Undergrad: 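Pasting a structure here, questions to come.
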Amino acid sequence: MNRVRIFLTGVGGQGTLTATTLLARTALAAGLPVTSGEIHGMAQRGGVVESTLLLGGYQSPVITPGEADILLGFELLETLRALPMLKRGGLVVGNSESIQPMGVCLGRECYPPLEQVLDITRGFATDVVIVPCISLAEQAGTAKAANTVLLGAAAACGALPFGVEDLARTIEKHLKPKLVALNLKALSLGAQAAKASLAA
């Protein structure tokens, strides 16, 4: 049985919690024990939203600093902020495109350039896969599917105890019918982007 601790982070409106639910349902369908937790920030105003997903038989949903096997970053700056949660040698799968967090919008913080974020991230993680989630989601039909793009990228990396096809079945079963086709396309585009990134 695979045991994996996943820390997810983004800002409100990105579908971080929906992504967590899709991962959890996919794991349950694969027969894996699932423990999940949510940490809500100011989700309605673009604040930080974090969640945890522990697969394979963990009792507590808590992930302490240095424990996460995988960091899924739906927003570039929040990915950077969450790096201390990752264990040394873990995997980061993140969105290369930014959504200005509240602190940046209010002028309290500066937004770091992508290359700086990548340099720091590579110091923490063995593997770093960064894909343009928003742009790929727009190709699929709506920017709101950026979360599904990221899930496709994560599944294609081979770090999850299930694959892209398993996630596709969950999408078909649990999302509203009118959202299924575009989310399946977003999932596929994310997987393709991740494979291209790993091959580069």
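We count residues from 1, following the sequence as given. Keep in mind that this is a model prediction, so the values were computed, not measured.
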Undergrad: Under 3.5 Å, is there a donor-acceptor pair between the side chain of T52 and the main chain of F7?
TA: no
Undergrad: How close do I63 and A68 get, heavy atom to heavy atom, and via which atoms?
TA: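 Here I63 and A68 meet closest at CG2-N, 3.7 Å.
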Undergrad: Within the structure provided, determine whether I99 and F74 are in side-chain contact (heavy-atom separation under 4.5 Å).
TA: no
Undergrad: What's the separation between atom NZ in K144 and atom OG1 in T18, rounded to the nearest 0.5 Å?
TA: 11.0 Å
Undergrad: For the residue pair K87 and D69, establish whether any side-chain heavy-atom pair is separated by less than 4.5 Å.
TA: yes
Undergrad: From L55 CG over to I6 CD1, what is the distance, rounded to the nearest 0.5 angstrom?
TA: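 One gets 4.5 Å once the value is rounded to the nearest 0.5 Å.
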Undergrad: According to salt bridge (Lys or Arg N to Asp or Glu O under 4.0 Å), who are the partners of K185, at least two apart in sequence or on a separate chain?
TA: none
Undergrad: What's the shortest heavy-atom distance between A156 and A194, and which atoms?
TA: CB-CB, 4.1 Å
Undergrad: Any non-hydrogen side-chain atom of T170 less than 4.5 Å from a side-chain atom of F162?
TA: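 They are not in side-chain contact.
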Undergrad: Let me see the working for L160 and L23 under side-chain contact (heavy atoms from CB on, under 4.5 Å), right down to the final yes or no.
TA: CA-CA 9 Å; L160 298 174; L23 287 174; 4.1 Å; yes
Undergrad: From T126 OG1 over to L91 CG, what is the distance, rounded to the nearest 0.5 angstrom?
TA: 9.0 Å
Undergrad: Where do G10 and T16 come nearest, in terms of heavy atoms and distance?
TA: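 It is CA-OG1, 3.8 Å.
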Undergrad: Tell me the closest heavy-atom pair linking A145 and L182, and the distance in Å.
TA: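 For A145 and L182, the tightest heavy-atom pair comes out as CB-CD1, 3.9 Å.
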Undergrad: At their closest point, which heavy atom of A143 faces which heavy atom of E138, and how far apart are they?
TA: CB-CG, 3.9 Å
Undergrad: Could you tell me if the side chain of R81 sits less than 4.5 Å from the side chain of T9, heavy atoms only?
TA: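 The answer is no, as the side chains (C-beta and beyond) never meet within the 4.5 Å cut-off.
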Undergrad: Are L77 and P112 packed together at the side-chain level, in the sense that at least one heavy-atom pair is separated by less than 4.5 angstrom?
TA: yes
Undergrad: Could you check S188 against Q192 for side chain to side chain donor-acceptor pair (under 3.5 Å), going step by step and ending with a plain yes or no?
TA: CA-CA 6 Å; S188 176; Q192 292 170 29; 3.0 Å; yes
Undergrad: State which residues pass side chain to side chain donor-acceptor pair (under 3.5 Å) with Q116; sequence neighbours excluded, sorted by chain then number.
TA: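 So Q116 forms no side chain to side chain donor-acceptor pair (under 3.5 Å) with any residue.
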Undergrad: Report yes or no: do L150 and L175 belong to one cluster of Ile/Leu/Val/Met/Phe/Trp/Tyr joined by side chain heavy-atom distances under 4.5 Å?
TA: yes
Undergrad: Identify the two heavy atoms, one from A168 and one from L187, that lie closest to each other, and give their separation to 0.1 Å.
TA: N-CD2, 3.7 Å
Undergrad: Using modelled atom types only, decide if a donor and an acceptor are shared between the side chain of R25 and the backbone of T20 within a distance under 3.5 Å.
TA: no
Undergrad: Hydrophobic clustering (ILVMFWY, side-chain heavy atoms < 4.5 Å, transitive) - are L17 and L179 grouped together?
TA: no
Undergrad: State the CD1-CG distance between I130 and L118, to the nearest 0.5 angstrom.
TA: 5.5 Å
Undergrad: Distance from L167 atom CG to L184 atom CG, nearest 0.5 Å?
TA: 10.5 Å
Undergrad: Contact between D127 and C157 at the side-chain level, heavy atoms closer than 4.5 Å - yes or no?
TA: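 Heavy-atom side-chain distance check fails, nothing below 4.5 Å.
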Undergrad: Indicate yes or no: does E172 engage R169 in a salt bridge with an N to O separation below 4.0 Å.
TA: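 Salt bridge between E172 and R169, a charged N being under 4.0 Å from a carboxylate O: no.
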Undergrad: For V11, does its backbone N or O pair with a side-chain atom of E78 as donor and acceptor, under 3.5 Å?
TA: no
Undergrad: In the single-linkage hydrophobic clustering (I, L, V, M, F, W, Y; side-chain heavy atoms under 4.5 Å), do V62 and V4 co-cluster?
TA: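 V62 does not cluster with V4.
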Undergrad: Any side-chain heavy atom of L71 sitting closer than 4.5 Å to one from M85?
TA: no
Undergrad: Quick check against the 3.5 Å criterion: does S197 have a side-chain atom that pairs as donor or acceptor with the backbone of A193?
TA: no
Undergrad: Let me see the working for L53 and I70 under side-chain contact (heavy atoms from CB on, under 4.5 Å), right down to the final yes or no.
TA: CA-CA 10 Å; L53 189 67; I70 302 171; over 6 Å; no
Undergrad: If I take atom CG from residue N147 and atom CD1 from residue I134, how far apart are they, to the nearest 0.5 angstrom?
TA: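 Those atoms lie 11.0 Å apart.
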Undergrad: Classify the side-chain pair N183/T148 by whether it contains a donor and acceptor separated by less than 3.5 Å.
TA: yes
Undergrad: Any side-chain heavy atom of N95 sitting closer than 4.5 Å to one from Q14?
TA: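 N95 reaches Q14 side chain to side chain.
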